[in-house]
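I have placed the structure first, in the form of structure tokens, so that the comments after it can refer back to it.
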Amino acid sequence: MSEPETSQLSKAYEPSAVESRWYAYWDAHGYFQAEPEPGRASYCLTIPPPNVTGELHIGHALQHAIHDTLLRWRRMSGLNTLCVPGTDHASIGTERLLTLSLKKQGISKMSLGRDGFVKAAWDWTEKYGGTILKQLRLLGCSYDWRRTRFTMDEGYVRAVLTAFLDYYERGWIYRGSRVGEWCPSCNTSLSDLEVDHEEVLSSLWHIRYPIQGGGSVTVATTRPETMLGDTAVAVHPDDPRHKGHLGKTVLLPVMDREIPIIADPILVDPKFGTGAVKVTPAHDPNDFECGQRNNLPRISVIGKDGRMTEAAGRFAGLDRLEARKQVVDELERLGLLEKVEEYTHAVGHCERCHTIVEPLLTDQWYLRMQDLAALATDAIKSGRVRFFPDRYAAEALRSLENVPEWCISRQLFWGHRLPLWHCRQCAAVTPSIDRPAACKACGSSDLYEDPDTLDTWFSSALWPFAVLGWPDNTPEMEAFYPTNCMITDRQIIRLWVLRMVYSGLHFVKEIPFPDVYIHGTVLTREGVRMSKSKGTGGDPVELINKYGGDATRMSLLLMASKGQDIRFAEERVEGSRRFANKLWNASRFVMMNLANTPLPQSLSPDASWPLEDRWILSRLNRVLETVSRALGEYDFDDAAQALYEFVWNEFCDWYVELAKARFGGPEEDAARVRQVLAFVLETSLRTLHPFMPFVTEEIWQSLRTQLGATGNDSLMVQSYPTADPSLSDDEAEERFSRIEEMVRTVRNLRAQGGAQPAQRVQVYVVPIAEDSIPQVEVPSLTAYLAQLARAELTLLPPKQTGGVPSPSVAGATRFAEVHLSLAGLVDVEKETAKLTREIEAISKELSRVTGKLQNSQFLSRAPAEVVDKERAIEQELKTRKHQIEAQLSRLSQTS
RNA sequence: GGGCGGAUAGCUCAGUGGGAGAGCGCCUCCCUUACAAGGAGGAUGUCGUAGGUUCGAAUCCUAUUCCGCCCACCA
């Protein structure tokens, strides 16, 4: 593919055509691709794999703007840079969406059967899969697309099953029959992390259980329907209210079943309620354990479909919530409902479908967490894995304490089958990736594959190394593992990040990444999390169409402050689009005036160079320092803002304006300004490229074409600028800042004095001291920037206000008085009022400072430099007050 | 019940011990041949509230109110 045409730069920057053109160019030239190069320093990221059927939302846009900025920066900095993209099969999420979609077509999941459903899932994946990855290209993401991985692709499946078998052989994976989370709608078990707890206003029902032989105990419950499965009432052994009840039985109401009153100091808190607790071992994890301790029977009265079972007697077949109503009615009828209180408590909901989860007694596969959690804890505590912002490290450590065993089996079709083969003859389990010929215990060939699939997070936990070829020891693993950073959002720290940390340590014996950057959540302007289901999606593709990929990236980076949440404000994107346009036009101007100036490789300014040249180069050096520091610390907003301000407020507003005057001047000086313009612009483009890759590439290509360069190189493979201390010039910066202040004062006086642009004004500058302003530059630079003819600016000797004609308006800077003679247009009254207001403001400020300096405590305790600074401020305020007072008295004399 | 963020200009947000800032919006002037998608100038704040520490607090401490998030089996 040849270099795109970039000859004529149009007046306004139009992103759409430019962006797709350069993306195709980079892609075709293989600039996104990386190969292992032994001995060469590398930089590697893997993206958090989005759901395969997902679409880009604005949170992704932020996340990937960050990824690609880091990648382009590191790549230009000379590292062998790789980013592996990919998608997640998202078992439960995808299965649910597909089931709903099929239902709309009148097809039920069960009628398709396992094979049919899995085939439909693959079809669905092929149809919608990869949409999101295509959308990432619109943002400019420089990922190695050849290496795109999917958690269900062949190699990845092998990695997952290998990991499973490793754990299994160690005895860390085991079968358990216990009460766990169950979603009756998704019809599968869930891990604790897939359950969202929400506060719900509900009721607390107090039910009287008659004691056999007289009396009663009252128990309270938020789920009255579970009483049908009660197998005991527990009290605290030391509770005097219930001591006499121990050993007796109650007649379970409704069911008329006799159940014992038992003592259980662990389950029962005697300070709560009546001190008596109904025990339902099949429907509550705590009751389950109580049941184990006391050998209680387990009666499942709610089934996997959320309906009451045969064990629920005449309530069998009812939905659990309907059963609740009817049980309450029945209790009321029996006169056993003592009271009903309003009660707020947390109810678990399925993360995917928001159905209320039901604690059910089921057989599941569990992964032992003890050793794995310890690996992650150690890595974080020792600082081998660091979080940015670091507060998330504390949160991560907290969540690693007392991690419950991980329920890894799911009753789903879409996902990785457990590599376990059950023998129909002897019931033994044979672990194997492929179907084994015979049962390892009895040799029978009558085997069937375990029907369960794995929690989707079990596979994503292996992501950073599985995508690099693990379990094989590939060149990619050698070159790129550990990866360098994980960039993701806080919602999945526990679900994913920590699981990658211990998985990496366990399987590869090395951390998967030393840094974890947690970016903020993108919210709506009202502060609500953006989500499709809430209709607050925020489509980044629309933004890109409207403002450009560069502006979308840049605005998000400008807002990405220290991991803070971002209330999305579209005007910020608009602002970044304007910035791109500004850069574009400044570049156009520079190129129009460059003539045949060759691009200098470096510049060595000395004292003989014009002030503004030394100033802009010093400012450039400073911004380079800021950018590299900020990017290194993941302070994207600082880096982006430093560049934004440099380009717009310093280069465009001041330097380019001053350059205009020099093109027609002496040849040597014109040549110098062209050199500096070319150098600063080209360096700025390289520095900005990671933030705004498209527009910088477009400009850079025409710049180099104009400068006579040839070849097919791209900006994205140029070297990243580094700070050059020899450009740093504090003195030039200080002197130039005085020029800026002078110019602003003149402009201000003109505007406030109501001078029309064409109107002649005489400016008199009176320095407060011999060296207070750079005398050489003042007449020329100030006059030029304030749009005056040079003859209309007069630099008077220090303190010689006598040469200023009256009446005039005046302003005070830190270094000089500035007088504007408006040829009879001065409104003395208005000017007097203005100056009086100014004196009031200065006096107020002055009394604050003077008060401070008269405070002996301040003088003795504050650091000397602070005191000195206050003294300087006081001096300056006094001087300005003096200047204005003098001007006031001059005004009164004229009137 | 515990923990973590946030509260600063009309809006979106920077600013962690020493003279309150940016962008957008608003007001005035200007189509000066890079850019009107621009330029110049301007107005705008009891820095959530109340205490405290300090010579000095938007910034540190305590309490408190709202908003958001995370954790937690008290029936």
Side-chain angles (χ1 to χ4, degrees), chain A residues 9 11-13 197 204 206 219-223 234 267-269 271-280 284-287 289 343 345-346 348 359 389 391-392 394-395 398-399 490-491 493-494 520-521 523 525-529 555 558-559 561-572 574-593 637-638 641 644-645 649 652-653 656-657 660 743-744 747-752 754-758 785-787 845 848-849 852 855-863 865-867 869-870 872-874 876-877:
Chain A
L9 296 185
K11 197 170 166 182
Y13 177 61
H197 290 274
L204 186 62
H206 295 255
V219 297
T221 181
T222 54
R223 295 186 295 152
L267 183 70
V268 183
D269 174 2
K271 290 192 284 293
F272 187 91
T274 63
V277 182
K278 63 190 272 307
V279 184
T280 324
D284 183 285
N286 295 311
D287 292 6
E289 285 175 19
Y343 195 71
H345 67 130
R391 62 172 180 269
Y392 290 111
E395 191 182 314
R398 225 175 298 125
S399 69
R490 76 176 95 87
Q491 288 88 327
I493 292 177
R494 300 196 313 154
T521 304
L523 310 171
R525 191 179 286 273
E526 290 71 37
V528 185
R529 185 171 177 197
S555 62
L558 281 165
M559 292 188 272
S561 179
K562 303 274 189 302
Q564 281 305 325
D565 286 354
I566 295 166
R567 288 194 199 206
F568 182 73
E570 190 165 327
E571 61 267 24
R572 299 291 297 264
E574 165 68 19
S576 292
R577 201 213 67 210
R578 290 192 205 183
F579 176 66
N581 192 55
K582 188 73 181 176
L583 177 68
W584 173 261
N585 276 295
S587 306
R588 244 177 11 112
F589 174 78
V590 169
M591 284 185 267
M592 278 177 213
N593 290 285
D637 60 328
D638 287 352
Q641 186 160 341
Y644 180 101
E645 286 174 357
N649 304 130
C652 294
D653 287 352
V656 170
E657 287 308 313
K660 288 176 180 172
V743 172
R744 288 206 173 93
R747 287 171 175 168
N748 177 309
L749 290 172
R750 272 170 71 109
Q752 303 232 320
Q756 295 300 307
L785 289 166
Q787 291 194 299
E845 192 60 22
R848 186 194 63 82
V849 177
K852 227 173 177 179
N855 182 338
S856 60
Q857 297 281 355
F858 174 70
L859 296 175
S860 60
R861 302 204 185 186
E865 62 206 48
V866 172
V867 175
K869 197 181 167 199
E870 293 293 331
I873 292 167
E874 182 190 37
E876 179 202 317
L877 289 169

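Each chain gets a letter, A, B and so on, in the order its sequence line appears, and its residues count up from 1. In this text the structure is predicted, and so the values were computed from the model without any measurement.
- Relative to the six-membered ring of A/F589, A/K660 meets both conditions, a distance below 6.0 Å and an angle of at most 45° to the axis.
- Using a 4.0 Å heavy-atom cutoff across all strands shown, A/P863 reaches at least one base atom of the nucleic acid.
- Within the 4.0 angstrom heavy-atom criterion, no nucleotide atom of any strand lies near A/E874.
- When each of B/rA72, B/rU12, B/rC4 is scored by its nearest atom to the side-chain atoms of A/A346, the top-ranked nucleotide is B/rA72.
- Nucleotide B/rC4 holds its P atom 10 Å from the CD atom of A/E395, rounded to whole Å.
- Listed candidates were B/rC13, B/rA75, B/rA34. Nearest to the side chain of A/A586 is B/rA34.
- Ion pairing between a basic and an acidic side chain is recognised when a charged N comes within 4.0 Å of a carboxylate O; A/R525 and A/E571 show such pairing.
- For A/K11 and B/rC35, a side-chain-to-base donor-acceptor distance below 3.5 Å is absent, hydrogens and geometry of angles not being considered.
- No N or O donor and acceptor, one from the side chain of A/Q564 and one from the base of B/rA14, sit under 3.5 Å apart.
- A/R848 places its CZ atom 12 Å from the P atom of B/rG18, with the value rounded to the nearest Å.
- Heavy atoms of A/F579 sit nowhere under 4.0 angstrom from any nucleic acid atom.
- A/Y13 comes within 4.0 angstrom of a nucleotide base, judged by non-hydrogen atoms across all strands.
- Here A/R578 lies in heavy-atom contact (under 4.0 Å) with sugar-phosphate atoms only.
- With a 3.5 Å ceiling on both atom-pair distances, the Watson-Crick or G-U wobble partner of B/rG68 is B/rC4.
- Counting any heavy atom pair closer than 4.0 Å across all strands shown, A/Q491 reaches no nucleic acid atom.
- Salt bridge A/R529/A/D565: absent, no basic N to carboxylate O contact under 4.0 Å.
- A distance-only check finds no donor-acceptor pair linking the side chain of A/R588 to the backbone of A/A12 [under 3.5 Å].
- Look at B/rG38: its Watson-Crick or wobble partner, with both distances under 3.5 angstrom, is B/rC30.
- Listed nucleotides: B/rC4, B/rC13, B/rA75. Nearest to the side chain of A/R391: B/rC4.
- The base of B/rA40 does not come close enough to the side chain of A/R747 for any donor and acceptor atom to sit less than 3.5 Å apart.
- Within the 4.0 angstrom heavy-atom criterion, only backbone atoms of the sugar-phosphate kind lie near A/R398; the bases stay farther away.
- Here A/L877 lies in heavy-atom contact (under 4.0 Å) with a base.
- Within 4.0 Å (heavy atoms only), A/L523 reaches no atom of the nucleic acid at all.
- Side chain A/K660 to base B/rA34: a donor-acceptor pair is found below 3.5 Å.
- Where A/N748 and A/E870 each meet RNA chain B at their nearest nucleotide, the meeting point lying more 5' is that of A/E870.
- A/K852 comes within 4.0 angstrom of a base, heavy atoms only.
- Searching all strands for a Watson-Crick or G-U wobble partner of B/rA57 with both distances below 3.5 Å returns nothing.
- B/rG10: Watson-Crick or G-U partner is B/rC24, with both key distances under 3.5 Å.
- Within 4.0 Å (heavy atoms only), A/N286 reaches at least one base atom of the nucleic acid.
- A/D269 comes within 4.0 angstrom of a nucleotide base, judged by non-hydrogen atoms across all strands.
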